[in-house]
*Asks:* 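Dumping the structure here so I can ask a few things about it.
Here is how names work: the chains are called A, B, and so on, in the same order as the sequence lines, proteins then strands, and each is numbered from 1. All values derive from a computational prediction rather than experimental measurement.
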Number of protein chains: 2
Amino acid sequence: MSAPVVADDGLTLPQPYLLFLGDTTEAGFAKTALGLVDWAGDRCVGELAVDGCTVTTGLPLMSPAEARAAGARSLVIGVANQGGVIGDRWIAPLVEAMEAGLDLISGLHQRLGSVPALADAARRTGRRLIDIRTPPSAIPIATGRKRGGKRLLTVGTDCALGKKYTALALHRAFVARGADADFRATGQTGIMIAGGGIPMDAVVSDFEAGAAEMLSPDAAPGHWDVIEGQGSIYHPAYAAVSLGLLHGSQPDVFVVCHDPGRTMVLGLSGYALPSVEDVIDLTIRLGGRTNPAIRCGGVSFNTGRYAEDEAEALMAAERDRLGLPVADPIRGGAAFDALVANCLA
Amino acid sequence: MSAPVVADDGLTLPQPYLLFLGDTTEAGFAKTALGLVDWAGDRCVGELAVDGCTVTTGLPLMSPAEARAAGARSLVIGVANQGGVIGDRWIAPLVEAMEAGLDLISGLHQRLGSVPALADAARRTGRRLIDIRTPPSAIPIATGRKRGGKRLLTVGTDCALGKKYTALALHRAFVARGADADFRATGQTGIMIAGGGIPMDAVVSDFEAGAAEMLSPDAAPGHWDVIEGQGSIYHPAYAAVSLGLLHGSQPDVFVVCHDPGRTMVLGLSGYALPSVEDVIDLTIRLGGRTNPAIRCGGVSFNTGRYAEDEAEALMAAERDRLGLPVADPIRGGAAFDALVANCLA
C-alpha cells in the first residue's frame, strides 16, 4: 500500500493470521483485530479468545492447531488494553499457538519476550516473537522545515473511533480518483495492514515531531500522504502523541473523526468528550504553527451503532451546523464523495 | 531538596564535579553547566573545554588530573546540543578524565556506553558511566484524576530561557516564606541539582502525561510542588513534551518564562517566538483540560543581557501591559516578591 518507512526494516510479517481477542469485553479495545478483518480480511483465517471475551470479528473461532491446518502462519494479538500489557490469562493460549507452529505478532507496549513463559516457548519451539511497536533507531529532532507534497491527517475527539479507518478509506478514494497517494501508518494495526510505518506512541517524546517528519518525507507537489492520526489533543493521557504528530505532519488538510454516540472519553472517568468544533478550532490553532495553511476538510462520523436513517439524519444535522462535509466512510455514498472532494479541493 | 522520584533509584552522584563544556559556542546549549554553578556551585571545582568553545561558567579551567587533585570525583557533561549526542571531539578528553580517576555523568540522549572508546576506557580504568536520562521503568498511563496538594509549573516561550532557574528560585522563595514545598526536576540539570526527578523528554510519548502524574503525587492540601517546565507548547520539535507535562502536572498556577531579547526560536530557522500573552492564553486553554482552575501567576523575564535600568524598564512595561507580576528571579527584589506573592495567593 505504501513504501515501508519502517518499524522493522525489511520485515515481512508471516501471513495469513489467526486473530487473538484475549478476554476483551469492549469493541474499542479490539480495534487491531477489527481493522485487520476490514482491510486485510483475505489474510485472516479465524479468531481465538479466552473465557469471558464478548467481542468477535465475525471470523470462525479456531484453535491454534485448526488455524495452522487452515494455513495460518502467525497469531496476531488483536487487542490493546490500557497500558498495552500482556494479560496473565493470555499466556496459555499464546504458548499453545507457538506449539501449533504459529509465530506471535504483537503491537503492545510490553514486549513478548519480557514474559518468561513466552520467551521459553519461543526457544523451545523455534517460533518467532515479533514486536512491531519498535520505532526506527535513528529519529532526528524535528526541524519544522516545510516539506514538498500534500498531507492529510485524521484527528479525533477521542481514541478508538475511526481515525485509522478514515485514513485508509480516504487513501483508497484518493487513489480511485487518480491521485498519487500513500497511506502512512502510525499504529500497530495500520503497520500490520500497510507493511510499514512508525508506531508513534512508542516514540520518545523529544523525538515525536521528528518521527512524524520522517514518516511523511518530501514528495512531489501533487503527491498526497494520508496519515493515520493517534489519540486526541484533548485526551488527558495521549495528547502529547497527538500534538507531536500534528506538528511534524504539517497537514494541509485534517479530517475530524467522531462517534456521535460517545459523550465521555473512553476508559477515563470524569472527562467529557470535546465538541467537534472545539477540535477543529484547536487543531487549526496548534497545527498552524508548522503549516499556516492548515484547514479542516470535513468530519468522519462513526455511526456503526445507528440505523441507516438515524445515521443519515445525524450527519445531515451536523453538516448543516458546521457547514462542512460529514460522512461515515463505512457507509460511503454521496456524503463520503463530498468529503473526499473537499479534501482534494 | 526534594524526595527522589526517581531516575535511578538509590543513585548517589559522585561529587564534587568537573564541568565539561565541549566545543559549545552558544550559552543556551550550556545550561546544564551554568545551572550547576548557580545551584550547586559548592560542589563544582572547575571546568574543561575543547578548542573552539566560547562559553565559560566562570570557574577555573582545569585538566582532569588537576580537577582530581582538587577533589573532583566525576566529570559532568554540562552541554546539550540538538539531538543530545556525544561529539566526536569530546571523546579524547572524556577518556582522559576516566584515566585521571573521574566517573562520567551525562544527561544526553545518547548513552555514554554506546561510544566504544568510552565503554573500553570505563572497563580499563574501572570508572563508571552514569546516564541520568533514564526514566523509571514502570510509568502508568495517565488517569487524569485530580490529585491533592497545589502545583506550580514553569512554562516558556522557548527552550533554554529560564524555566528550571525560575522553578528553583520560586521553590526557594516558597520555603523561605514557610510553605511546605518540593522542587520537582524534569531535566538533566535539575535532576543533578535535586538528586531525583524524571527526565521528561526521554519518556515514551504514550506515557508522557503519566510520568508527570507520577512526578508530583498526591500531597496534603497546603503542600506545593514546584515543577520544572520543559520546551514550549509552541515549539515545533518539543511541544509534545510540554503538553504531556502540562496535562499530567495539573498546575494550579503557571509562570511564563521569557527572554525579551529573543525573537526567533533557538536553533530553528523561520520560527518566530510566540508572544507571552499567546503562551498564557494557550496554556490556560490546554491546561484547563485537567485543571479547570489553572491561572497565570506572572512572568519570569530573563534579562541577563540588559543593564539594570533597561531590565527594570522592560519589566515595568510588560507588567503594565499584561496586568501581571513580571520579575527576573536572578535580580530578585520587590518585583520577584510580588511574583511569589501572586503565585501563593
Side-chain angles (χ1 to χ4, degrees), chain A residues 81-85 109 133 135 138-146 187 199-213 230-248 250 265 267-272 274 278 281-282 285-286 288-291, chain B residues 81-85 109 133 135 138-146 187 199-213 230-248 250 265 267-272 274 278 281-282 285-286 288-291:
Chain A
N81 48 24
Q82 291 264 324
V85 296
H109 271 300
R133 204 165 190 148
I139 301 173
I141 293 287
T143 65
R145 182 183 63 79
K146 184 78 174 73
M200 290 299 296
D201 58 2
V203 172
V204 167
S205 53
D206 219 16
F207 297 93
E208 187 70 5
E213 292 188 350
Q230 288 294 328
S232 163
I233 47 178
Y234 280 93
H235 197 291
Y238 305 127
V241 178
S242 308
L243 181 54
L245 179 58
L246 175 59
H247 273 171
Q250 306 176 345
V265 172
L268 285 186
S269 64
Y271 281 92
D278 275 349
D281 184 70
L282 188 56
R285 181 161 181 189
L286 295 171
R289 182 64 170 155
T290 57
N291 187 351
Chain B
N81 48 25
Q82 291 264 324
V85 296
H109 270 300
R133 203 167 190 146
I139 301 173
I141 293 287
T143 65
R145 181 183 64 80
K146 184 80 175 71
M200 291 297 298
D201 59 1
V203 172
V204 167
S205 52
D206 219 17
F207 296 92
E208 187 70 5
E213 292 187 350
Q230 289 293 329
S232 162
I233 47 177
Y234 279 93
H235 197 290
Y238 304 127
V241 177
S242 308
L243 181 55
L245 179 57
L246 175 60
H247 272 171
Q250 306 176 346
V265 173
L268 285 186
S269 65
Y271 281 91
D278 276 348
D281 184 71
L282 188 55
R285 182 163 180 187
L286 296 171
R289 181 64 169 154
T290 57
N291 186 352

*Asks:* Report the option among A:Ala202, A:Gly248, A:Gly231, A:Ser269 that has the most heavy-atom pairs separated by less than 4.5 Å from atoms of chain B.
*Replies:* A:Ala202
*Asks:* For chain A, which candidate among B:Glu213, B:His235, B:Glu208 shows the most heavy-atom pairs at distances under 4.5 Å?
*Replies:*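 So the answer, after comparing B:Glu213, B:His235, B:Glu208, is B:Glu208.
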*Asks:* Quick one: what part of A:Ala212 sits under 4.5 Å from any heavy atom of chain B, side chain, backbone, both or neither?
*Replies:* neither
*Asks:* Please flag which part of A:Leu282 lies under 4.5 Å from any non-hydrogen atom of chain B: side chain, backbone, both or neither.
*Replies:*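 Interface part for A:Leu282: both.
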*Asks:* Only pairs of heavy atoms separated by less than 4.5 Å count here; which of A:Gly210, A:Ala239, A:Gly84 has the most with chain B?
*Replies:* A:Ala239
*Asks:* With a 4.5 Å cut-off on heavy-atom pairs, point out which of B:Ser205, B:Ala240, B:Pro274 contacts chain A the most.
*Replies:* B:Ser205
*Asks:* Please report the closest heavy-atom contact between A:Ala142 and B:Ala237, naming both atoms and the distance.
*Replies:*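 Residues A:Ala142 and B:Ala237, closest heavy atoms: O-CB, 3.6 Å.
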*Asks:* Heavy-atom distance under 4.5 Å between the side chains of A:Arg133 and B:Val204, does that happen here?
*Replies:*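 Contact flag for A:Arg133/B:Val204 side chains = no.
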*Asks:* May I ask you to name which of B:Thr143, B:Leu245, B:Val203 has the most heavy-atom pairs under 4.5 Å with chain A?
*Replies:* B:Val203
*Asks:* Nearest heavy-atom pair of A:Pro236 and B:Ala209: which atoms, and what distance?
*Replies:*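 Heavy atoms only, the tightest pair is O-CB, 3.3 Å.
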*Asks:* Can you tell me which of A:Leu268, A:Ile233, A:Ile141, A:Ile139 forms the most heavy-atom pairs within a distance under 4.5 Å of chain B?
*Replies:*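 Winner by heavy-atom pair count: A:Ile141.
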*Asks:* Does any heavy atom of chain B fall under 4.5 Å from the side chain of A:His109, the backbone, both, or neither of them?
*Replies:* side chain
*Asks:* With sequence neighbours excluded, what pairs up with A:Asp281 under the side-chain hydrogen bond (donor to acceptor under 3.5 Å, both in side chains) test?
*Replies:*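 Here the qualifying residues are B:Arg285.
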